[in-house]
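Reviewing the structure listed below.
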Amino acid sequence: MAAFLLVESFLQAKYVMKISNYLLATVKESPADAEIASHKLMLRAGLIRKLASGLYTWLPLGNRALKKVENIVRNEMDKSGAMEICMPVVQPAELWLESDRWSQMGPELFRLQDRNDRDFCLGPTHEEVITDLVRKEYSSYRQLPAIFYQIQTKFRDERRPRFGIMRSREFIMKDAYSFHSDEESLQETYSIMHETYSNIFSRLKLNFRSVAADSGSIGGNTSHEFHVLADAGEDEIVFSTDGKYAANIELAEAHLHTPNKKEEKRDSKLVDTGDATSIDSITKLLGIDAKKTLKTLIVHGEDKEGNISNNLVALLLRGDQELNVTKTEKLKGIYSPLKFASNQLILKQTGSTIGSLGPKDLDIHKIADFSVEGLCNFVCGANMAGKHFTDMNWSENCSYDQVADLRMVQGNDKSIADRSPIEIKRGIEVGHIFQLGAKYSESMDASILDSNGKATLMQMGCYGIGITRLLASCIEQNHDEKGILWPSEIAPFRLIILQIDAHKSADVISISESLYNKSLIFDIESLLDDRDRKTSPGVKLTESELIGIPHRIVVSPRTLKENAVEYTNRQTGAKTKVHIEDIEKFLKETVCID
RNA sequence: CGGGGCGUAGCGCAGUCUGGUAGCGCACUACACUGGGGGUGUAGUGGUCGUGGGUUCAAAUCCCGCCGUCCCGACCA
């Protein structure tokens, strides 16, 4: 009886999702400022609208999809044993002063004051708040490990918001934090999180890779990023074709794909090169390969306190190689963030100008990239305007003080794991996991008693997923020329029912409405396109494809003559006629299980 | 933060060079027709031309400032 009443209440539902009374805000032309497919489609399908740069309103359709992405993440996080909490968006400056990030973070941190002039920020992340909570609530190793997470709005005053919600100033993130009494426990949870993330992205049917990553300003040691492969991605990721090595290009290492050849050493010569100052122009002028040249870059060093210093440092790379800024600025003695020396400063300290620099008689610290180590008979600047040396050799003519990995990995390089070929692809960073260690527990004094009754700092991990960005990535990877192809788990609706030529036959309305009610009973979220004759069949069909609902049933007099409706699968485009009496079975076997 | 572009109806754009009644397409409203692929026709609604100042008899148009916005780069959990 109860079940029967439940069905009855469904049938009498007043909140039927009828398009005639729903904000289906599709547009034909995409706004001029949309650049990439997902951004254009999100605007065209009426998922979002821009309020200001980097700030978006989620329309009904987009909001439904967003909640579904959240729920998949929530579901998998719960399975991992993490506890969901909710922390304030507005955070007091005191905590950020404790961790020293109040000064470390630049203008990216949204700062504000309350009526009493107290400083606050809009949280870009929540390490400080969670550490504060845990240090107050936890006191024994016996209570650990503990994992907390939240799905929360974050703010970052990005210098350059772009690609719609892909890089916006306000966005939704799932952030999780784990606390441990020792490193072993941290590593255990770290690998559980790695697995959880893989499960989440697999459920979303994404083509993704996890790569070793730089931990950046958040700190810590080990870190992995999860990237959705897409040409529109802002990052470059490097992986070996056998899958044994994967890293963000910022820290990727590899063997050169074209090693330096050994040959008979020749005597060096000073040659006139006129106004040829770039590697490109030198190779053309002398008719040589860029691999036989050496380029010299001059950057600022740092003093003992890590401040910028006017002691310059020379970086030496093979001419065909490019400098990797992230790797370089981690080197001791080099100022971070990396700063190239000005022309005037170089002239003052070396007597040479950019474009004629070389290691011979260069009286500053010289760091050579591995790519130049074995160079033989190479060309480099002579530290005299308009002159270069040819046939230079290290022991005979010039020297360096230190060897380091300074270069950007290039396609076709060989993996350091096993020398299999390296591939470089673009990716969208949708997740990032870190082993923070004691960075925050130390600065914020978060300790517990260990089994010996001794106070010890907690080990921490943190784990983020950009929910809003993840949704955009799904569209970036799942669309065709007609519109979005939602993975069924996050589609705003599973089924769309179109009434076509309803004015010709009252059956169209009654059949489609009963079909709608049946779908609700089966727990299929459906949208009923009941718009009247002013909306042409073409519009209904085209829009249903643009918004990407996975399953579509068209109810029209044409097929009702045969006592049937027409089903179309958005993904495959396959059409089937379904007889009215088979419809429940069909819904169960086709739509419900997808 | 450097370089570049753009701001004219809800959206996409023309008009700016060479100053002289603010236009086109889509959308929207009404009516008629049409009826399975973003229909057709007729008639309409909707604009301080981003903003402030200057030049001029007259400024969307020329000059100066500011703001917004997008792209490239730098930067970035």
Side-chain angles (χ1 to χ4, degrees), chain A residues 24-36 39-40 43-46 49-55 101 104-109 123-127 154-164 167 169 171 173-177 213-220 223-226 234-235 248 250 325-326 329 336-340 429-436 439-440 461-466 469 482-483 498-505 508 529 531-547 552 554-560 565-566 568 573 575:
Chain A
L24 189 67
T26 63
V27 283
K28 258 191 221 176
E29 290 169 299
S30 54
D33 53 16
E35 204 62 23
I36 62 173
H39 187 197
K40 284 182 190 163
L43 290 165
R44 287 227 295 131
R49 283 292 182 266
K50 188 172 80 171
L51 177 65
S53 178
L55 301 172
R101 288 208 293 180
Q104 278 172 20
M105 299 276 280
E108 188 181 65
L109 186 64
T125 175
H126 282 72
E127 280 82 10
K154 308 276 185 196
F155 291 84
R156 275 180 215 174
D157 197 356
E158 291 282 355
R159 279 163 193 201
R160 191 181 159 203
R162 60 177 143 182
F163 301 149
R167 178 172 292 274
R169 294 195 289 181
F171 56 99
M173 172 161 247
K174 185 286 299 173
D175 49 325
Y177 308 89
D214 181 44
S215 50
S217 74
I218 205 158
S223 143
H224 284 85
E225 288 169 351
F226 287 79
E234 295 182 281
D235 287 288
N248 190 304
E250 288 181 341
V325 173
T326 310
E329 65 191 14
S336 171
L338 197 77
K339 191 170 182 327
F340 284 95
E429 182 191 346
V430 291
H432 201 158
I433 60 179
F434 302 81
Q435 289 183 20
L436 296 174
K439 179 181 154 101
Y440 293 88
C462 88
Y463 318 89
I465 289 180
R469 182 183 283 184
K482 290 175 177 173
L498 305 191
Q499 294 176 351
I500 302 276
D501 293 342
H503 58 285
K504 282 184 176 170
S505 154
V508 170
D529 195 345
R531 286 175 292 179
D532 66 17
R533 56 160 75 179
K534 281 179 190 159
T535 305
S536 74
V539 170
K540 292 185 178 185
L541 293 162
T542 309
E543 283 187 343
S544 76
E545 282 154 357
L546 174 62
I547 64 175
R552 179 177 78 193
V554 174
V555 183
S556 74
R558 188 194 277 183
T559 54
L560 283 183
V565 294
E566 183 190 76
T568 311
K575 293 184 178 177

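In the text below, chain A, chain B and the rest are named by the order of the sequence lines, each starting its count at 1. We use all heavy atoms of the structure for the numbers below, so side chains are in, but hydrogens, waters and symmetry mates are not.
Base pairing analysis places B:G23 opposite B:C13; the two distances defining the Watson-Crick or G-U wobble pair are each below 3.5 Å. Using N1 to N3 plus N6-O4 or O6-N4 for Watson-Crick, or N1-O2 and O6-N3 for G-U wobble, each under 3.5 Å, B:U51 pairs with B:G65.
Nucleotides of RNA chain B nearest to A:Glu225 and A:Ser536 differ in position, and the one nearer the 5' end is that of A:Ser536. Comparing A:Arg533 and A:Ile465, the nucleotide of RNA chain B nearest to each residue sits closer to the 5' end for A:Arg533.
Distance from the side chain of A:Ala32 is smallest for B:G12 among the nucleotides B:C31, B:G12, B:G37. Nearest to the side chain of A:Lys575, among B:G36, B:A30, B:G38, sits B:G36. Nearest nucleotide to the side chain of A:Lys534, out of B:G35, B:A30, B:G73: B:A30. Out of B:C75, B:G36, B:C76, the shortest distance to the side chain of A:Val325 is found at B:C75. The side chain of A:Val539 lies closest to B:G38, out of B:G73, B:C11, B:G38. Taking the side chain of A:Phe163 as heavy atoms from C-beta on, and the options B:C26, B:C11, B:C72, the nearest nucleotide is B:C72. Closest to the side chain of A:Glu545, from the set B:G36, B:G39, B:G37, is B:G37. Distances were taken from every side-chain heavy atom of A:Glu35 (C-beta onward) to each of B:G35, B:C71, B:G36; the shortest belongs to B:C71. The A:Leu541 side chain lies nearest to B:G37 when the options are B:G37, B:C72, B:C11.
A:Arg531 comes within contact range of no nucleotide atom at all, as no heavy-atom separation falls under 4.0 Å. A:Glu429 comes within contact range of the sugar-phosphate backbone alone, with a heavy-atom separation under 4.0 Å but no base atom that close. Contact annotation for A:Ser30: backbone-only contact, meaning every heavy-atom pair under 4.0 Å involves sugar-phosphate atoms and none involves a base. At a threshold of 4.0 angstrom between heavy atoms, the contacts of A:Leu498 with the nucleic acid are absent. Residue contacts for A:Ser53: at a heavy-atom cut-off of 4.0 Å it reaches the sugar-phosphate backbone alone, with no base atom in range.
The CD atom of A:Glu158 sits 16 Å away from the C1' atom of B:C70 (whole-angstrom rounding). Between A:Lys540 atom NZ and B:G39 atom C1' the separation is 14 Å, expressed in whole Å. Remark: P of B:C11 and CD of A:Glu29 are 12 Å apart, rounded to the nearest angstrom. Following rounding to the nearest Å, A:Ile36 (CD1) and B:C72 (P) show an atom-to-atom distance of 10 Å. A:Lys50 has its NZ atom 11 Å from the C1' atom of B:G7, to the nearest Å.
Salt bridge absent: A:Glu127 and A:Lys439 never bring a charged side-chain N and a carboxylate O closer than 4.0 Å. The residues A:Asp532 and A:Lys534 are annotated as not salt-bridged, no charged nitrogen and carboxylate oxygen being separated by less than 4.0 angstrom.
A distance-only check finds a donor-acceptor pair linking the side chain of A:Arg44 to the backbone of A:Lys28 [under 3.5 Å].
A distance of about 45 Å separates the P atoms of B:G35 and B:U21, rounded to the whole Å.
The heavy-atom pair separating A:Phe434 from A:Tyr463 by the smallest distance is O-CE2, 4.2 Å.
In this model, no side-chain donor or acceptor of A:Arg159 finds a partner on the base of B:C76 within 3.5 Å.
The phosphate of B:C11 has neither OP1 nor OP2 within less than 4.0 Å of any side-chain N or O from A:Arg44. Put simply, A:Lys482 has no side-chain N or O that comes within less than 4.0 Å of OP1 or OP2 on B:G38.
To the nearest 0.5 Å, atoms CD1 (A:Ile500) and CZ (A:Arg558) are separated by 9.5 Å.
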Report task. Show the numbers, then the answer: is there a side chain to side chain donor-acceptor pair (under 3.5 Å) between A:Glu543 and A:Thr26? Result -> CA-CA 7 Å; A:Glu543 283 187 343; A:Thr26 63; 2.7 Å; yes
